[in-house]
Protein chains: 2
Amino acid sequence: MFRQLGRLGHMSAPPLDPSEHRSGALLDHLARRMRLRSETVLAPLGLRPRHLVALTVLRAGGGTSQQALATILEMDSTNIVGLLNDLEAEQLVERRRSPEDRRRHVVELTQDGAKRLSEAECALAGAEDEVLGALDPNERETLYELLRRAAATTSPINCTEVICAGDEPL
Amino acid sequence: MFRQLGRLGHMSAPPLDPSEHRSGALLDHLARRMRLRSETVLAPLGLRPRHLVALTVLRAGGGTSQQALATILEMDSTNIVGLLNDLEAEQLVERRRSPEDRRRHVVELTQDGAKRLSEAECALAGAEDEVLGALDPNERETLYELLRRAAATTSPINCTEVICAGDEPL
DNA sequence: AAGGATCGTCTGTGCAGCACCAACTATTTA
DNA sequence: TAAATAGTTGGTGCTGCACAGACGATCCTT
């Protein structure tokens with residue numbers, strides 16, 4: 001017995017090279033937890049999680065073309081149309097023709113939109129308390145700031161396949 | 001004037017009370033960006049994002065019942081079955097009967113599982129570089145640590161509706 | 001002026017990730 | 001012995017997307 005598993009039974013954290021620390025799965029996990037709660041909290045406000053993401057991006061980014069929005073959200077631009085239709089139907093967002101290029105729409109948050117967004121954020125306090133309960137206010141603010149900065153950059157999807165050395169033996 | 005909304009027109013960042021900073025939308029946004037990349041990176045390894053989440057939870061948590069896993073992942077327990085079937089089919093995970101309660105399965109990461117997980121994390125380096133490009137290594141480690149700690153706690157879904165004061169007047 | 005590219009729109013199709021329900025077995029607890 | 005619990009199986013259906021095709025409007029070339 002104990003043949004091939006020299007893993008000592010049950011412990012929590014096998015020594016992990018910090019350079020291999022990946023936030024992806026954690027991000028996924030926490031986002032799910034948050035989204036499940038957001039859905040029910042946001043419903044009475046007539047919003048869904050993706051609407052909140054769009055509003056947040058618009059608040060951070062000012063006037064943006066739908067194309068740009070598709071790039072930022074990394075969604076197909078045909079789906080952006082419907083998303084913006086939802087928001088515009090409730091006057092949370094405004095589509096204006098760009099004066100420089102009349103093909104483009106400049107999408108912008110309205111006052112109503114900003115207000116609704118802030119209401120939503122307020123309503124989400126409880127949800128966040130549950131999901132981020134392990135973090136104190138300072139840590140939450142740090143987290144927020146890191147996420148905000150990361151989300152503020154647009155990255156192309158390249159992602160060349162990398163073969164990692166040092167893993168394959170045994 | 002400037003009653004409750006001091007925001008004018010179009011600028012990027014209206015003054016936002018730090019206590020209203022919500023990470024939910026950012027979490028959602030970044031998780032999506034990450035997931036889109038993960039899918040293609042993970043595919044050659046025979047994994048999908050949710051598999052990675054499960055493996056990560058198992059590495060962090062040691063032996064867990066499927067019930068507990070459902071609670072942690074906040075997924076319906078019937079879907080946990082299929083998820084674990086996938087993982088067990090590739091021997092990344094082991095279901096053993098619990099000695100104390102023979103109804104239960106104790107799910108545990110195998111050596112193969114730990115190896116595959118670490119390979120996957122390694123392969124995701126490029127994806128993370130793209131998504132978290134705005135953060136330097138120190139900040140990424142901070143982010144990882146915050147996410148890890150937040151994900152380590154299990155929170156019940158209560159989320160009482162809260163009406164925020166100071167928002168409702170026109 | 002003419003041709004091609006680009007932006008947004010519309011419609012339609014299809015898939016993946018889930019939740020939810022119902023029924024069943026094996027086991028534990030009351 | 002009866003009732004509750006853990007896991008499994010199978011089925012249904014919703015939602016959020018991606019993707020493709022076609023179209024008008026508007027650029028940008030040449």
Side-chain angles (χ1 to χ4, degrees), chain A residues 25 27-29 31-40 42-43 46-54 58 63-89 93-108 157, chain B residues 25 27-29 31-40 42-43 46-54 58 63-89 93-108 157:
Chain A
L27 229 34
D28 211 342
H29 189 178
R32 175 188 174 80
R33 281 179 162 182
M34 202 54 204
R35 191 163 27 75
L36 287 177
R37 289 164 177 78
S38 303
E39 276 161 7
T40 71
L42 254 35
L47 294 175
R48 285 156 187 270
R50 64 200 139 108
H51 296 130
L52 209 70
V53 175
L58 286 173
T64 332
S65 77
Q66 300 189 195
Q67 190 79 352
L69 217 45
T71 304
I72 293 172
L73 296 175
E74 296 189 7
M75 286 183 55
D76 192 289
S77 57
T78 65
N79 293 319
I80 298 289
V81 177
L83 182 52
L84 291 180
N85 286 347
D86 294 346
L87 295 175
E88 201 172 31
V93 134
E94 211 180 32
R95 279 191 258 222
R96 292 181 291 103
R97 283 264 170 235
S98 163
E100 313 113 7
D101 185 343
R102 298 189 31 77
R103 290 170 299 181
R104 281 192 183 150
H105 277 154
V106 176
V107 186
E108 222 152 348
I157 301 192
Chain B
L27 228 36
D28 209 343
H29 189 179
R32 175 188 174 79
R33 282 181 163 181
M34 201 55 203
R35 189 163 29 76
L36 287 177
R37 288 164 177 78
S38 303
E39 276 162 6
T40 70
L42 255 34
L47 294 175
R48 286 157 188 269
R50 65 201 138 105
H51 296 131
L52 208 71
V53 174
L58 286 172
T64 331
S65 77
Q66 300 188 196
Q67 190 80 351
L69 217 46
T71 304
I72 294 173
L73 295 176
E74 296 189 4
M75 285 183 55
D76 192 289
S77 58
T78 64
N79 293 319
I80 298 289
V81 177
L83 182 52
L84 291 180
N85 285 347
D86 293 346
L87 296 175
E88 201 172 32
V93 133
E94 211 180 33
R95 278 192 260 221
R96 291 180 293 103
R97 283 241 103 93
S98 163
E100 313 115 5
D101 184 343
R102 297 187 32 76
R103 291 169 301 180
R104 281 191 185 152
H105 277 154
V106 175
V107 186
E108 223 153 349
I157 301 192

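Below, chains carry the letters A, B, ... as their sequence lines are ordered, and counting in each starts from 1.
A residue-by-residue look at A:Arg103 and B:Thr64 shows that B:Thr64 has its nearest nucleotide of DNA chain D further toward the 5' end. Remark on DNA chain D: of its neighbouring residues A:Pro99 and B:Asp101, the 5'-side contact belongs to B:Asp101, judged by nearest-heavy-atom nucleotide.
The minimum heavy-atom distance linking A:Leu87 with A:Ala54 is given by the pair CD1-CB, 4.1 Å.
Of the listed nucleotides (C:dA22, C:dG8, D:dG16), D:dG16 has the atom at the smallest distance from the side chain of A:Arg48. Relative to the side chain of B:Thr78, the nucleotides D:dC19, D:dA6, D:dG10 differ in distance, and D:dG10 lies closest. When distances are taken from the side chain of A:Ser65 to each of C:dG8, C:dT6, C:dC20, the shortest belongs to C:dG8. Among the nucleotides D:dA6, C:dG8, D:dT8, the one closest to the side chain of A:Gln66 is C:dG8. In this structure, of D:dC17, C:dC18, C:dT9, it is C:dC18 that holds the atom nearest to the side chain of A:Arg32.
The side chain of B:Arg50 places an N or O atom within less than 4.0 Å of a non-bridging phosphate oxygen (OP1 or OP2) of C:dC18. Between B:Asn79 and the phosphate of C:dA19, there is a side-chain N or O to OP1/OP2 separation shorter than 4.0 Å. Checking the phosphate oxygens (OP1, OP2) of C:dT6, no side-chain nitrogen or oxygen of A:Gln67 falls inside 4.0 Å. Between D:dC27 and A:Arg104, no contact under 4.0 Å exists linking OP1 or OP2 to a side-chain N or O. At C:dT9, none of the side-chain N or O atoms of A:Asn85 fall inside 4.0 Å of OP1 or OP2 (strictly under the cut-off).
Note on A:Arg35 versus B:Glu74: no salt bridge recorded, every NZ/NE/NH1/NH2 to OD/OE distance being 4.0 Å or above.
In this structure, CE of A:Met75 is placed 10 Å from P of D:dG16, rounded to the nearest angstrom. In this structure, the CG atom of B:Leu42 is 12 Å from the P atom of C:dG17, given to the nearest Å. In this structure, the CG atom of A:Asp28 is 17 Å from the P atom of C:dA16, given to the nearest Å. Atoms CD1 (B:Ile80) and P (C:dG17) sit 14 Å apart, rounded to a whole Å. With rounding to whole Å, A:Asp76 atom CG is found 15 Å from C:dC15 atom C1'. Here C:dC7 presents its C1' atom at 13 Å from CG of A:Leu69, a figure rounded to the nearest Å. We find that CG of B:Leu83 is positioned 14 Å from C1' of C:dA16, with the value rounded to whole Å. In this structure, B:Arg97 atom CZ and D:dG7 atom P are separated by 8 Å, rounded to whole Å.
Within 4.0 Å of B:Glu39, counting heavy atoms only, lies no atom of the nucleic acid at all.
Separating the CD1 atom in A:Ile72 from the CG atom in A:Leu58 is a distance of 8.0 Å, to the nearest 0.5 Å. Atoms CG and CZ, from A:Asn79 and A:Arg50 in turn, are 8.5 Å apart once rounded to the nearest 0.5 Å. Here CG of A:Leu27 is found 10.0 Å from CG of B:Asp28. Values are rounded to the nearest 0.5 Å.
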Given B:His105 and B:Arg97, is the side-chain contact (heavy atoms from CB on, under 4.5 Å) satisfied, shown in steps? CA-CA 5 Å; B:His105 277 154; B:Arg97 283 241 103 93; 3.4 Å; yes
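A donor and an acceptor atom never sit less than 3.5 Å apart when one is taken from the side chain of A:Arg102 and the other from the base of D:dT26.
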